[in-house]
Amino acid sequence: MITMPYDYYDYFLKKRNDTVFTETTNKIRENFWRETYDVVESQEWEEITDKIRKN
């Protein structure tokens, strides 16, 4: 069986409308992505403050 791109589109569209799927992805976005963004942001801030202190 050959799958076409629109087959995947229908599959993901159904998944997106599934409440368990949306709740899970929202939790991942809230916890994982936010945390990694905060870590990256804090590292950038530390580099900036280090540069300021050196000058």
Side-chain angles (χ1 to χ4, degrees):
M1 180 179 171
I2 298 174
T3 57
M4 301 303 282
Y6 55 82
D7 293 334
Y8 290 116
Y9 178 78
D10 290 338
Y11 170 76
F12 286 120
L13 189 61
K14 288 177 188 172
K15 279 293 201 184
R16 188 174 186 160
N17 292 330
D18 183 24
T19 55
V20 173
F21 180 78
T22 54
E23 288 176 5
T24 305
T25 54
N26 286 341
K27 285 293 182 188
I28 290 171
R29 286 181 182 149
E30 288 173 6
N31 296 325
F32 180 72
W33 287 356
R34 181 171 178 230
E35 181 179 313
T36 55
Y37 178 76
D38 288 344
V39 167
V40 168
E41 189 178 58
S42 68
Q43 289 173 345
E44 289 175 354
W45 180 248
E46 287 178 14
E47 289 176 6
I48 291 171
T49 55
D50 287 344
K51 287 178 182 179
I52 292 172
R53 288 182 186 148
K54 286 181 183 178
N55 288 334

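Note that the numbering runs from 1 along the sequence shown for the chain. All values below come from the heavy atoms of this structure, side chains included, with hydrogens, waters and symmetry mates left out.
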Trainee: With sequence neighbours left out, write down each residue that passes side chain to side chain contact (heavy atoms under 4.5 Å, CB included) with Phe21, or none if nothing qualifies.
Mentor: Lys15, Asp18, Thr25

Trainee: Are the side chains of Arg53 and Asp50 in contact, using a 4.5 Å heavy-atom criterion?
Mentor: yes

Trainee: Going from CZ on Arg16 to OH on Tyr9, what distance comes out if it is rounded to the nearest 0.5 angstrom?
Mentor: 9.0 Å

Trainee: Can you tell me how far apart OG1 (Thr49) and CD (Glu46) are? Round to the nearest 0.5 Å.
Mentor: 6.5 Å

Trainee: Could you tell me which residues satisfy side chain to side chain contact (heavy atoms under 4.5 Å, CB included) with Lys51, sequence neighbours excluded, listed by chain and number?
Mentor: none

Trainee: State which residues pass side chain to side chain contact (heavy atoms under 4.5 Å, CB included) with Ile52; sequence neighbours excluded, sorted by chain then number.
Mentor: Ile48

